[in-house]
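Below is one structure, written out as structure tokens; the observations come after it.
Please read these numbers as outputs of a predicted model, since none were measured by experiment. Order of the sequence lines fixes the chain letters, A, B, ..., with proteins taken first and strands second; residue numbering starts at 1 for each chain.
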Protein chains: 2
Amino acid sequence: MKRVGSQTSVRHLGRSLQQRQVPVRCVSHQFHTKSNDLSKEAIGTAAKLPDAEPIPTKHAKHTTTLKDIIERRKKAGKLVAGTAAYSDSDMFKAPSVDKPAAKRWDHHLSKESISRQPCTLKAAAKYLKTPGLISLGGGLPSPEHFPFDSISMKIPSPPHFSETETSTMGQSVRLGKYDVRDQAGRPDGAAYDLSIALNYGQATGGAQMMRFVTEHTELVCDPPYADWRCCLTVGSTGALEQAYRMFFDRERGDSMLTEEYSFATALETAHPLGVKVVGVRMDEQGLLPESMDQILSEWDESARGARKPHVLYTVPSGQNPTGATMSEKRRKDVYAVAQKHDIYIIEDEPYYFLQMQPYTGQDTPPVPSPASMEKFLDTLVPSLLSLDVDGRVLRMDSFSKVVVPGSRLGWVTASEQIIERYIRHSEVCNQGPSGFSQAILYKLLDETWGHAGYIEWLMNLRLEYTKRRDVMLAACEKYLPRDIVSWTPPAAGMFHWLKVNHELHPDAGKRSILDIEVEIFKSCIEKGVLVGRGSWFRAEHNEEPRDMFFRATYAAASPDNMTEAIRRFGEAVEESFRV
Amino acid sequence: MKRVGSQTSVRHLGRSLQQRQVPVRCVSHQFHTKSNDLSKEAIGTAAKLPDAEPIPTKHAKHTTTLKDIIERRKKAGKLVAGTAAYSDSDMFKAPSVDKPAAKRWDHHLSKESISRQPCTLKAAAKYLKTPGLISLGGGLPSPEHFPFDSISMKIPSPPHFSETETSTMGQSVRLGKYDVRDQAGRPDGAAYDLSIALNYGQATGGAQMMRFVTEHTELVCDPPYADWRCCLTVGSTGALEQAYRMFFDRERGDSMLTEEYSFATALETAHPLGVKVVGVRMDEQGLLPESMDQILSEWDESARGARKPHVLYTVPSGQNPTGATMSEKRRKDVYAVAQKHDIYIIEDEPYYFLQMQPYTGQDTPPVPSPASMEKFLDTLVPSLLSLDVDGRVLRMDSFSKVVVPGSRLGWVTASEQIIERYIRHSEVCNQGPSGFSQAILYKLLDETWGHAGYIEWLMNLRLEYTKRRDVMLAACEKYLPRDIVSWTPPAAGMFHWLKVNHELHPDAGKRSILDIEVEIFKSCIEKGVLVGRGSWFRAEHNEEPRDMFFRATYAAASPDNMTEAIRRFGEAVEESFRV
């Protein structure tokens with residue numbers, strides 16, 4: 001497979017959607033240098049050619065390890081990426097010469113997405129590489145007028161992650177306005193500073209976080225096709241809307257598949273776009289592939305009033321609201337159905353790293369926690385992206401559940417074609433995530449913790465959420481009438497899904513399920529507990545539900561409050577059922 | 001006019017688009033308290049009823065002063081707004097009982113916008129006001145797991161704004177995770193902290209910055225109708241796309257008006273949505289109202305292939321790319337044409353506070369800078385929003401040009417109806433701006449500088465940009481062939497617009513304007529200067545331009561570089577014109 005150097009940025013901007021070319025791989029260190037050539041104005045400069053040795057080709061099936069990434073970075077030298085520098089994942093990932101190229105999705109894209117052109121002003125940035133050029137081009141303000149000399153933060157020193165430890169022995173790290181310039185002579189000098197992070201940047205996000213998320217994705221998912229790429233997002237809520245607008249056309253009568261109980265916001269995002277939402281039946285492992293296959297095989301456009309679905313939106317781990325997590329086998333089966341029916345998959349994985357320890361019950365000793373980072377990564381169910389030989393998955397990752405929701409920063413991973421269209425939209429709809437968020441997360445995750453420290457953090461979070469879940473399960477076991485309320489212990493995420501057997505209700509058959517659901521919900525409020533009503537999450541709102549559910553989160557409340565809240569919920573159910 | 005108390009949040013969520021009710025005003029301090037009632041869990045609590053005296057009614061025509069705002073805050077007591085608390089501008093602005101209500105814009109809205117429903121999960125937050133309630137409802141992570149103990153920043157102490165002064169005598173301010181809880185007993189205790197800012201919040205942005213931008217808007221624009229409101233944005237790029245989606249329908253064959261030379265990104269955002277863009281002729285003051293009136297009066301739907309425009313997008317101050325600034329009279333004339341033809345106005349004002357000192361030439365003494373904040377505010381040309389008796393303007397404000405672009409935080413101001421629709425979209429497309437950005441800007445602008453310090457900063461910036469512009473104008477006067485290149489000294493913004501008289505070109509009539517423009521542009525690159533080509537900004541790309549322009553920014557380069565760059569540009573022009 002062909003390799004190209006630093007022309008990617010320029011070439012890429014002008015590439016037509018229609019071109020069907022073999023993906024090209026970049027060597028992973030073209031964006032770095034060990035030289036101290038920082039004398040020129042850094043504004044808008046793009047990739048720098050390496051002076052390090054090319055990275056040896058790895059076998060496609062070989063999984064990237066932490067050690068590989070550390071070694072790769074060492075060989076590449078310091079990252080040099082100034083204000084608004086272009087970057088993409090190819091600059092930072094291992095060359096994947098033996099992997100197949102992704103399929104093309106032109107036939108699934110919307111009119112809107114297909115008609116997007118590259119941003120004129122951003123395309124002009126290619127001239128900034130000209131040596132000695134002075135730019136009077138872009139309207140980038142001078143950092144001289146940025147009213148921040150530095151930003152510091154106090155953060156945990158792995159493995160001391162608790163609030164008390166952070167407060168007493170946390171490390172203070174500082175991000176100055178001109179760190180890159182001021183430390184240019186040092187091989188370990190800063191790769192990011194406020195003058196860069198707080199100016200305008202590429203809609204992909206800065207190279208600094210692009211490198212981190214690309215490496216993290218390679219470490220965790222290692223997609224089995226060649227031309228995968230990442231793009232930073234303003235969080236998965238925004239990423240999902242962008243994805244919908246890429247794939248759905250109102251005039252085409254488009255529809256989409258999702259879990260029959262689905263994330264309410266995902267549904268509310270789809271409806272105003274005129275997308276018909278179709279719910280696929282679920283069990284305790286989420287989507288039932290047979291149900292999906294049946295819906296698609298029997299699709300009758302005129303009866304359904306919509307075109308056969310060409311997109312699946314799914315939350316495979318710790319699904320919201322049901323807490324269901326698909327096993328590896330289940331994911332493979334769902335993927336196979338998607339292949340059979342030419343379905344593109346939007347995989348929303350905010351809870352991926354909230355996969356918890358297996359639940360053993362109150363009186364059984366707990367399963368020992370993973371003994372090493374490698375073992376921890378091995379315990380995780382593979383992402384659909386990891387199984388994605390066709391490049392038919394857009395995976396959405398988020399820092400909201402594992403770092404902070406307020407960063408409004410996440411990333412998507414998909415094939416080059418899809419990411420390119422996504423970027424074209426980001427350029428005009430948000431210009432990428434906040435520079436404060438990027439700078440602070442870079443400082444925390446990359447420069448201070450590194451991949452190893454971040455994975456330690458995630459391992460710690462796994463145990464914290466395991467504790468939280470176990471408190472809720474203990475409360476359920478103690479306070480809920482087991483003949484009426486049933487549940488599956490969640491294996492991931494934030495949500496516990498409680499099924500209430502409406503058939504045992506004294507008014508069963510006389511009153512609707514919804515009616516009883518409202519009664520219990522209102523009684524809960526009166527007793528002082530807020531839970532989610534199952535019907536809020538129905539993919540098909542107009543269909544009468546077959547069962548009654550409530551959603552309870554164990555993410556937020558303290559253990560005592562959680563236990564009391566479940567007691568109140570149990571009381572509300574018992575009163576309604578008159579037991 | 002009716003006044004309501006704390007029910008706004010709940011009532012508001014359920015209000016139908018179709019309802020045509022008299023706007024209701026809230027007293028401005030309902031969100032505050034002087035009591036220390038912070039014992040309850042703050043998560044999700046909404047407005048608190050005041051224990052302060054009601055604010056006396058002001059006359060509609062009276063302009064709000066800094067003193068009024070300081071007094072109002074004092075009376076209202078400490079702002080109490082916990083995690084994801086609902087807020088709106090009515091909580092923070094003066095009651096405007098004598099002002100008319102905004103007109104309704106239902107007939108201009110898109111199908112997409114009209115069909116938006118409130119977010120189910122956010123609507124459920126209303127129950128969180130129930131005393132003693134424990135929430136297992138929303139999936140908000142516990143701040144216990146946020147890996148930030150505190151964030152500090154070093155910022156200028158007004159009026160010492162220079163980088164050197166900031167570095168040597170700037171103030172260090174700190175934002176802790178639980179400042180609100182820890183300082184609950186103090187009347188001057190913190191109103192914002194990391195546990196709130198970094199969790200999920202309302203799509204409007206947090207109450208803390210909502211208060212600041214509302215007061216700032218009242219101080220600067222004081223809209224002449226009653227039911228205006230603000231909503232934070234992820235920057236004006238995103239706000240504009242959201243506005244387009246509110247007003248434009250592909251199926252309806254919609255079109256919009258804008259300056260004949262317009263912001264390239266604004267055009268590139270419109271095209272994929274199927275919006276036909278129509279350019280209005282300009283002079284050195286921007287939009288020509290007569291041209292606008294003529295286009296609209298003579299509109300022929302079948303000849304134009306689009307519905308008569310119902311929206312104007314305009315940059316009234318320091319327009320991009322022409323640098324034109326509309327006078328007050330011009331704004332009034334444009335507004336009158338908009339009234340005549342039922343046009344809704346999207347006013348994009350990123351350069352509003354880059355209105356500079358009048359240009360007096362190189363040898364004439366400069367005009368003295370404004371002697372006080374009041375005088376400074378008086379020098380500013382009124383915003384279209386300030387003239388907006390109908391509520392037909394959506395004003396977009398940005399911190400990008402006056403604080404930092406990387407905050408990706410701005411705000412919009414419009415009538416309650418329009419802001420409500422805007423919020424419904426924000427809930428599913430970005431959930432509001434980054435919490436890091438909100439926290440840091442709040443700490444800088446509100447808690448540390450206050451409105452007075454921020455206005456001092458803006459006054460300082462006015463002088464800094466005046467200096468930058470004057471360097472560029474001096475260079476132009478020195479190095480450009482005045483018979484070929486002409487310009488109007490910009491009164492605002494970042495851009496200098498250079499007209500090149502193509503009629504004097506030796507190949508005039510033989511080669512197209514575009515052809516000569518490309519020649520000069522390429523020669524500029526060879527000589528080492530990047531400028532913007534005028535044709536990049538043509539609202540109607542398919543029309544042959546009548547004139548030749550280049551855009552040069554004085555925002556970024558150093559004085560020496562700027563001068564050298566203009567010299568190179570002059571050389572390129574002269575070579576092309578063979579002089």
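Neither the backbone nor the side chain of A:P321 has a heavy atom closer than 4.5 Å to any heavy atom of chain B. Contacts between A:I155 and chain B at a heavy-atom distance below 4.5 Å involve backbone atoms as well as side-chain atoms. With a 4.5 Å cut-off on non-hydrogen atoms, A:L441 touches chain B through its side chain but not through its backbone. For B:F495, the part sitting under 4.5 Å from any heavy atom of chain A is the side chain, from C-beta outward, and nothing else. Looking at A:T130, the atoms closer than 4.5 Å to chain B (heavy atoms on both sides) all sit in the side chain, from C-beta outward. In this structure, the portion of A:H425 lying under 4.5 Å from any heavy atom of chain B is its side chain and not its backbone. Neither the backbone nor the side chain of A:F399 comes within less than 4.5 Å of any heavy atom of chain B. Of the two parts of B:Y554, neither the backbone nor the side chain holds a non-hydrogen atom closer than 4.5 Å to a non-hydrogen atom of chain A. Using a 4.5 Å cut-off between heavy atoms, A:F537 contacts chain B through its side chain alone, with no backbone atom that close. Interface residue B:I525: backbone and side-chain heavy atoms are both found under 4.5 Å from chain A. The part of B:R568 that comes within reach of chain A is its side chain, from C-beta onward, which places non-hydrogen atoms under 4.5 angstrom from that chain. Residue contact with chain A, scored on non-hydrogen atoms closer than 4.5 Å, involves the side chain of B:F521 exclusively. Only the side chain of A:Y127 comes within contact range of chain B, judged by heavy atoms closer than 4.5 Å. Neither the backbone nor the side chain of B:K527 comes within contact range of chain A; no heavy atom of the residue lies under 4.5 Å from a heavy atom of that chain. Contacts of A:Q117 with chain B are absent, with no heavy-atom separation under 4.5 Å from either backbone or side chain.
The choice from A:E526, A:H496, A:R250, A:M472 that makes the most heavy-atom pairs within less than 4.5 Å of chain B is A:R250. Contact count against chain A (heavy-atom pairs under 4.5 Å) is highest for B:E163 among B:E163, B:K401, B:R533. Most heavy-atom pairs under 4.5 Å with chain A, from the set B:L194, B:V402, B:T265, B:N320: that is B:T265. When each of B:L461, B:V404, B:L267 is scored by its heavy-atom pairs under 4.5 Å with chain A, the top score falls to B:V404. Among the candidates A:G435, A:S152, A:G238, the residue making the largest number of heavy-atom pairs closer than 4.5 Å to chain B is A:S152. For chain B, the option among A:V403, A:N460, A:N430 with the highest count of heavy-atom pairs below 4.5 Å is A:V403. Among B:S167, B:A264, B:S162, B:A266, the residue making the largest number of heavy-atom pairs under 4.5 Å with chain A is B:S167. Looking only at heavy-atom pairs under 4.5 Å with chain B, the residue among A:V234, A:L409, A:L240, A:I440 that has the most is A:I440. Of the listed residues (A:A197, A:G201, A:S110, A:G138), the one with the most heavy-atom contacts under 4.5 Å to chain B is A:G138. Between chain B and the residues A:Q242, A:R174, A:Q438, A:R116, the largest count of heavy-atom pairs under 4.5 Å involves A:R116. If you tally non-hydrogen atom pairs under 4.5 Å between each of B:S407, B:A439, B:G532 and chain A, the highest count goes to B:S407. Taking B:G176, B:P156, B:G170 one by one and counting their heavy-atom pairs under 4.5 Å with chain A, the maximum is reached by B:P156.
Side-chain atoms of B:R551 come within 3.5 Å of backbone atoms of A:G137 as a donor-acceptor pair (strictly under, hydrogens ignored).
When side chains are defined from C-beta on, A:P141 counts as touching B:M494, because their heavy atoms get closer than 4.5 Å. Within the 4.5 Å cutoff, the side chain of A:S400 has heavy atoms near those of the B:Y200 side chain. No side-chain heavy atom of A:P147 sits less than 4.5 Å from a side-chain heavy atom of B:T166.
Using a cut-off of 4.0 Å between Lys/Arg side-chain N and Asp/Glu carboxylate O, A:E251 and B:K111 are scored as not salt-bridged. Salt-bridge check for A:R245 with B:E241: failed, with every basic side-chain N at 4.0 Å or more from each acidic carboxylate O.
Taking CD1 of A:I134 as the reference point, atom CZ of B:R567 lies at 9.0 Å (rounded to 0.5 Å). In this structure, CD1 in B:I151 is found 6.5 Å from CE in A:M153, a value given to the nearest 0.5 Å.
Contact detail for B:A124 and A:L530: the closest heavy-atom pair is O-CD2, 4.1 Å. Nearest heavy atom pair, residue A:E112 against residue B:L273, reads OE1-CD2, 3.5 Å. Here the shortest heavy-atom pairing between B:S115 and A:P272 reads OG-CA, 3.4 Å. Closest approach of B:P405 to A:N199, counting heavy atoms only: CG-OD1, 3.6 Å.
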Could you check A:E144 against B:R468 for salt bridge (Lys or Arg N to Asp or Glu O under 4.0 Å), going step by step and ending with a plain yes or no?
CA-CA 12 Å; A:E144 188 191 339; B:R468 290 185 160 272; 3.1 Å; yes
Check the pair B:V529 / A:L136 against side-chain contact (heavy atoms from CB on, under 4.5 Å), numbers first and verdict last.
CA-CA 7 Å; B:V529 55; A:L136 307 179; 4.1 Å; yes
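Between B:Y465 and A:H145, the angle of the ring planes lies from 30° to 60°, which puts this pair in the tilted group.
With hydrogens and angles left out, the side-chain atoms of B:S434 and A:S437 include a donor and acceptor closer than 3.5 Å.
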